[in-house]
Amino acid sequence: MKIQVDYFNEKRSGIFLQASSIPAIAGLATKPWINIGKMNNEGFDASLEYHQRVGEVDITARGNFTYAHNTIIDNDQPDWEYLYMNTIGQSNWQQFGLVSAGLFRSQEEIDAWPKQEFGEVKPGDIKYVDINGDGVVNNYDRKAIGYPDVPEIVYGFGASVRWKGFDLSVFFQGVGNVNFFTNTEQTQPFSASKSRNANVYSDLWGNYWTPENPNAKYPRLTIGANENNNRLSTFWMVSGNYLRLKNAEIGYTLPKRILSKAHIDKLRIYLSGVNLVTFSKFKLWDPDLQTGAANYPNNRVYNLGVTLVF
Amino acid sequence: MKKIYAILLISLFAVGCDSYLDRQPDEPKTSKNIFEKRETTFRYLANVYSWTNNETDNSGQANYFEPASDECVCAFTGRGFRLMNNSTWQVSSAVYASNTYENYYKGIREASYFMANVARCPELTPAEVTEWIAEARFLRAYYYFCLMRQYGPVILLGESTADFTDPALRDLDRNTWDECVDYVCDELDAAAFDLPLEQPAVWYGRATKGAALAVKARLLLYSARPLFNGNPMYASMKNVYGRNLFPTEYDPAKWQLAADAAKAVMDLNVYEIVGENANDPYGSWNKVFIERWNKELIFAVQRTSYNWRVSTIPRAVGGRAYGGVSVTQKLVDAFAMSNGRYPITGYLSDGKPIVDDESGYTESGFASFKHPILGQTKPTFKMYLNREPRFYMSVYWSGLNWIGGTNRLDEIQLYTGGNSGPGIDGSQTNYSVTGYLPFKFQDITFDSKSAGSSTSAWIAITWPLFRYAEILLDYAEAVNNCEERVASEITGALNRIRRRAGVPDIEDVYPAAETDRALMNDLIVRERMVELNFENHRYFDTRTLMIAEKEDAGDVYGMNISARSHAEDSGFWKRTVILHDGGNTPSTRVFSKRDYLFPFHQSEVDRLNNLTQNYQW
């Protein structure tokens, strides 16, 4: 058994980037590039290898695990209007959005709630939290939400077992600390600008908001895009964590004594599969595609084969 | 032997390569050497000119003046004007900030830098140095004017380029409106003193005395109008230095300043109303917009006609033709009848027009009509009959034929399923939302289909940033609001424009206006709307006149393009609320008090510690 763990804490400074703190009244046609950026990157890498023989059974197992989290220390941006909007102090890929408080149930509820300034609001639309408490909900109520869309944790593990002529191997792969948003044309009916892109997930059927279905999973339906609802917010945010059985293979190698009569050196029959099972809280589409719901997903592949060596 | 040849050959190439690679690179252009040569100095001056916004863009890509005004609806979705039209834009949206605010300040910096360095050029005569400095001074003032019409008072940076390494730059706040107006007017006067009266033909478009005085005339007119002249809405706004950003008291003398400034352009005796006495409206008015240059143009920029025409030529014409920028019913209604009376005097709360019975206007039925430009005789909706000539040169409706050089089409159909209308399956995004297209700046001798996709193949148009007809309108409006109001001066200026357009004199049609200041004001605003339609004026007129809360809010009307035909009984020919406005559904426009001026966008607010934001933003 072999275990290796590396911890790293990298502090970079003098990163070459375009000056961002100069006001537009200076009138520079091109803002100067300067060595001013600072960033920290911290995390660890671990790997494990295990080998054992129990009687006639040969077991090998391997695993790896990486965790990395970076933090912007300085990118020459001044403080934003509200400090929670600052990108400094956050991860490079940190996502910002509104915080949802569910769906509006009635006009009275809308009237009592801070005014949402993104467009028309009706019962069945998403209700957002007024983070700064200024009585209106707008882009200033966007804060860092969730993890980046680039996973902070990436891991994989697998094992293979051999017994006489039989062999079996599996490989799992997974990611963690990742979030993405599901507000696409395929989850928001009639929002596609071209009708040929206007297919939607059948999950919407019976799950969109109506006065009779106030606890719906999806907002009300609108003609065209809904400016209030189609925003990055915790309403559409889902965890992109998954664990996937990426590869599995089972095989049988025929004994040599049978083969030698037919002048065959080796004959192995096997069955293998790729992308067999994905374990994820998110069920609508392959979580690996993230927001690209309509993109081509990873294929599931089965192979049945024979290896013949003369 | 072969080997030796090979070595020889290689060494030959090696030598060749060596000498080739040894060449010195062209000397890079640096701040040191750029002003050593006349040619590069001149190029720098061209760069100072280059920060003007592309005003030929009527579809809201870089320029919002048309699709955010009440004379125009643009079908193209996802553009910034959409947020303005339903008042959902925010400080953080930064719509058009890079094309306007940021570019204007870049132009200001380049102008200041040029003025500080042009005298270093040994190849220029002292007279040229003086004139080129005046051009840059004019442009700097023009960029400030562009900022002020959009933001109100702004930060003035003075003579030198801003020192971006100085932290004090981040502490600046806006100057007051009057400081800005005084500064820009003084600069324009100084520039006008050194600028030539006219440019030679090869340099048409470069600054002249008249250009400087014309900018001043419009700025002073805006400054006299209610938005900036003692507007109670802005009365309590103070900058960080404790001064009122906007004048708190109405000053009637500002109208006199505006009148004097317009008069100064008129007194140059350089400009004409083209075809004023020709008695040929169709031959004269349209020429102003199609000719390469004429005596009406004061400050104009020649650009490819691609941006303007590609979005206004109906789709069926072929080639590049997106036909998605359209005329509103309100602009259609604004044109007078041929007898000079305005057919529509207002609207009821349900959107129905209030018709002036004396005008002879009717909206019912069809009659045979020969189009004065396109020449075809067809049964035509009576709404379009007996209108003044500028109507037919400005508005294109469904069912007309199309002439573009040799490319001729018998009928353009703007209804659903028609050759230039919305698609039945909803897949088509290039169509007129109102059932009208603008016809101004179109040239029936130009074949856009064969011009293809190369913008240089689309013949250039000279875009009038300032033309003489506007100066006369500025003058008429200013005089009308002066305490001493000379009616003949007002009607005299208006009638010059009306005679060229083939419309009876104003006092013959509306005699009461000679003594009625309010009525005359309405007529002047109407005349501006008609004469200057689709020239990027209306957006600023409704705002500076503070009529935007009425004019730029509510439902926008067109014809019923949902109909499946434009036959007389098809249902097409009725006033209908548009289905969407640049993708906004509902299409209802919203205008809040904050919308009179642009917000300073968030990234600038973050970088200027003391910047006073505009009202209610």
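Note: hydrogens, waters and symmetry copies are ignored here, and every other heavy atom, side chains too, is used. Each chain gets a letter, A, B and so on, in the order the sequences are listed, and its residues count up from 1.
Of residues 132-143 of chain A, those residues with a non-hydrogen atom less than 4.5 Å from any non-hydrogen atom of chain B are, in numerical order, A:N138, A:N139, A:Y140. Within residues 118-126 of chain A, the residues having any heavy atom less than 4.5 Å from a heavy atom of chain B are, in residue-number order, A:F118, A:G119, A:E120. The stretch residues 139-150 of chain B places none of its residues near chain A, where near means some heavy atom under 4.5 Å from a heavy atom of that chain.
Chosen from B:L611, B:L608, B:D163, the residue pairing most often with chain A at heavy-atom distances under 4.5 Å is B:L608. Of the residues considered (B:N584, B:T585, B:V154, B:L169), B:L169 shows the highest number of contacts with chain A, using heavy-atom pairs under 4.5 Å. Heavy-atom pairs under 4.5 Å with chain B peak, among A:I22, A:I223, A:N226, A:T222, at A:I22.
For a residue to count as touching a neighbouring chain, one of its non-hydrogen atoms must lie under 4.5 Å from one of that chain's; by this rule B:Y104 does not touch chain A. Heavy-atom distances place no part of B:V590 under 4.5 Å from chain A, backbone and side chain included. With a threshold of 4.5 angstrom between heavy atoms, B:E110 approaches chain A through side-chain atoms but not through N, CA, C or O.
A donor-acceptor pair under 3.5 Å is formed between the side chain of B:R109 and the backbone N or O of A:A26. No donor-acceptor pair closer than 3.5 Å links the side chain of A:E81 to the backbone N or O of B:Q602.
The environment of A:K31 atom NZ is dense: over 12 non-hydrogen atoms of other residues, nucleotides or ligands sit within 6.0 angstrom. For CH2 of A:W209, the number of neighbouring non-hydrogen atoms (other residues, nucleotides, ligands) closer than 6.0 Å is greater than 12.
With sequence neighbours excluded, the residues satisfying ring-ring contact (aromatic ring centres under 6.0 Å, His included) with A:F16 are A:W33.
Atoms OG and CD, from B:S592 and A:E117 in turn, are 9.0 Å apart once rounded to the nearest 0.5 Å. The distance from the NZ atom of B:K106 to the CD1 atom of A:I25 is 14.0 Å, given to the nearest 0.5 Å.
Contact record, B:R607 with A:S21: CG-O, 3.7 Å, taken as the closest heavy-atom pair.
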